[in-house]
Amino acid sequence: MPELPEVETVRQTLLPLLKNKVIVDVDIYWDNCVITKDFKHKITGQHIQDILRYGKYLVFVLDEDVMISHLRMEGKYYIHQPRKKAHHEHVVFHLNSDEYLTYHDTRKFGKFELISKSMYLEVPPLSLLGKEPKDSDSRSLYQKLTHKRIPIKMAFLDQHIIAGLGNIYVDETLYRAKIHPLKPCDKITQKEVVSLIKHATDVLEHATSLGGSTIRTYHAVHGVDGKFQNELKVHTKKDEPCERCQTPIIKIKVGGRGTYVCPTCQKQ
DNA sequence: CCCGTGCCCTGGCGGC
DNA sequence: TGCCGCCAGGGCACGG
């Protein structure tokens with residue numbers, strides 16, 4: 001569930017709390033969430049110099065490596081004093097401040113990976129990541145879309161095409177741009193691409209400024225809840241009147257994803 | 001290359 | 001009340 005605004009909120013929350021701390025040990029309780037072998041040995045002793053974000057990926061900049069962390073659906077970080085291990089806590093980083101950074105993930109979908117600092121942008125997953133909407137130019141995005149027949153919503157969920165959007169913010173972007181999520185990419189005009197980039201940029205920026213959205217079980221860091229869920233126009237609004245035309249919002253499936261759409265405003 | 005499907009996971013919910 | 005099956009979904013592997 002965390003998309004760009006939620007991940008950015010996590011980054012901003014964690015950075016001042018973790019900057020310059022040393023990872024003195026790591027406990028891994030669920031091996032499958034750690035891709036790198038010898039993770040514990042390699043990360044031990046490294047400082048957290050910085051925390052960056054690319055799309056929905058968090059990048060902890062250490063001394064020799066970066067730790068790439070993807071929260072997927074329900075991954076969360078907590079910082080706290082020593083205590084008994086909690087349910088669904090899969091990785092615990094011991095810090096030199098006698099605090100613990102713990103990673104909590106009910107569905108165990110999140111992943112950790114260590115890659116050397118000198119090459120992490122040149123190898124997957126980050127080498128394959130598309131540009132974020134704010135950095136996208138309409139000409140090259142239009143070129144990426146124009147030969148595809150998949151629905152525009154699926155293309156905007158594909159992080160190789162454009163990075164940072166997930167199910168919530170794609171629905172909001174398409175609503176604002178008045179484009180139907182099922183519209184095939186090869187029917188999208190250059191002008192619509194310009195509009196999509198603008199609305200995606202705006203919605204992500206607005207959501208980030210409000211700390212992201214807190215829906216379902218997601219919240220950024222313990223005690224930090226977003227406010228953008230109050231600004232949603234279509235997502236989760238099934239049967240509620242469209243703000244623009246009063247037509248009830250409907251819920252459909254697009255590529256297997258629950259999708260909210262105004263059947264009047266959003267034309268195919 | 002392009003696209004669709006299934007997998008990974010678990011808690012929560014609807015149905016009986 | 002209890003149990004079963006289904007759903008949610010980001011990213012990737014795999015197959016046609």
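Just so it is clear, the values below take in all heavy atoms, side chains as well, and ignore hydrogens, waters and symmetry mates. Worth saying up front: this structure is predicted, and the values here are computed from it rather than measured. Just so we're on the same page: letters track the sequence lines, and every chain starts at 1.
A:Leu165 has its CG atom 11 Å from the P atom of C:dG11, to the nearest Å. Put simply, NZ on A:Lys111 is 16 Å from P on B:dC7, counting in whole angstrom units. The nearest whole Å value for the distance from the CG atom in A:Leu126 to the C1' atom in C:dC12 is 15 Å. In this structure, A:Lys108 places its NZ atom 18 Å from C1' of C:dG10, rounding to the nearest Å. When the P atom of C:dG9 is taken as reference, atom NZ of A:Lys153 falls 7 Å away, rounded to whole Å. Nucleotide B:dC8 holds its C1' atom 9 Å from the CZ atom of A:Arg72, rounded to whole Å. When the C1' atom of B:dG11 is taken as reference, atom CE of A:Met73 falls 13 Å away, rounded to whole Å. For A:Leu58 and C:dG10, the CG to P distance is 16 Å, given to the nearest whole Å.
Searching all strands for a Watson-Crick or G-U wobble partner of C:dT1 with both distances below 3.5 Å returns nothing.
Closest to the side chain of A:His160, from the set B:dG11, B:dG4, C:dC12, is C:dC12.
With values rounded to the nearest 0.5 angstrom, A:Tyr57 atom OH is found 7.5 Å from A:Gln159 atom CD.
Remark: A:Lys56 is in phosphate contact with C:dG11, judged by side-chain N or O atoms under 4.0 Å from OP1 or OP2. In this structure, A:His88 does not reach the B:dC9 phosphate: none of its side-chain N or O atoms is under 4.0 Å from OP1 or OP2. Contact annotation: A:His70 does not reach the phosphate of C:dG10 (side-chain N/O to OP1 or OP2, under 4.0 Å).
Residue A:Asn32 is classed as a sugar-phosphate contact, given heavy-atom separations below 4.0 Å to backbone atoms only. Residue A:His87 is classed as a sugar-phosphate contact, given heavy-atom separations below 4.0 Å to backbone atoms only. When heavy atoms are screened at a 4.0 angstrom cut-off, A:Lys148 is found touching the sugar-phosphate backbone but no base atom. Residue-level contact check: A:Gly255 touches neither bases nor backbone, having no heavy atom under 4.0 Å from any strand.
Between A:Lys117 and A:Asp63, no side-chain nitrogen of the basic residue sits less than 4.0 Å from a carboxylate oxygen of the acidic one, so the salt-bridge criterion is not met.
Residues A:Ile68 and A:Leu114 fall into different hydrophobic clusters, defined by Ile, Leu, Val, Met, Phe, Trp and Tyr side chains chained together at heavy-atom separations under 4.5 Å.
Few gaps surround CD on A:Glu231; more than 12 heavy atoms of other groups in view lie less than 6.0 Å from it.
Remark: the A:Arg107 side chain and the C:dA8 base include a donor-acceptor N/O pair separated by less than 3.5 Å.
Taking the side-chain contact (heavy atoms from CB on, under 4.5 Å) definition, one finds that A:His160 meets it with A:Leu128, A:Asp158, sequence neighbours left out.
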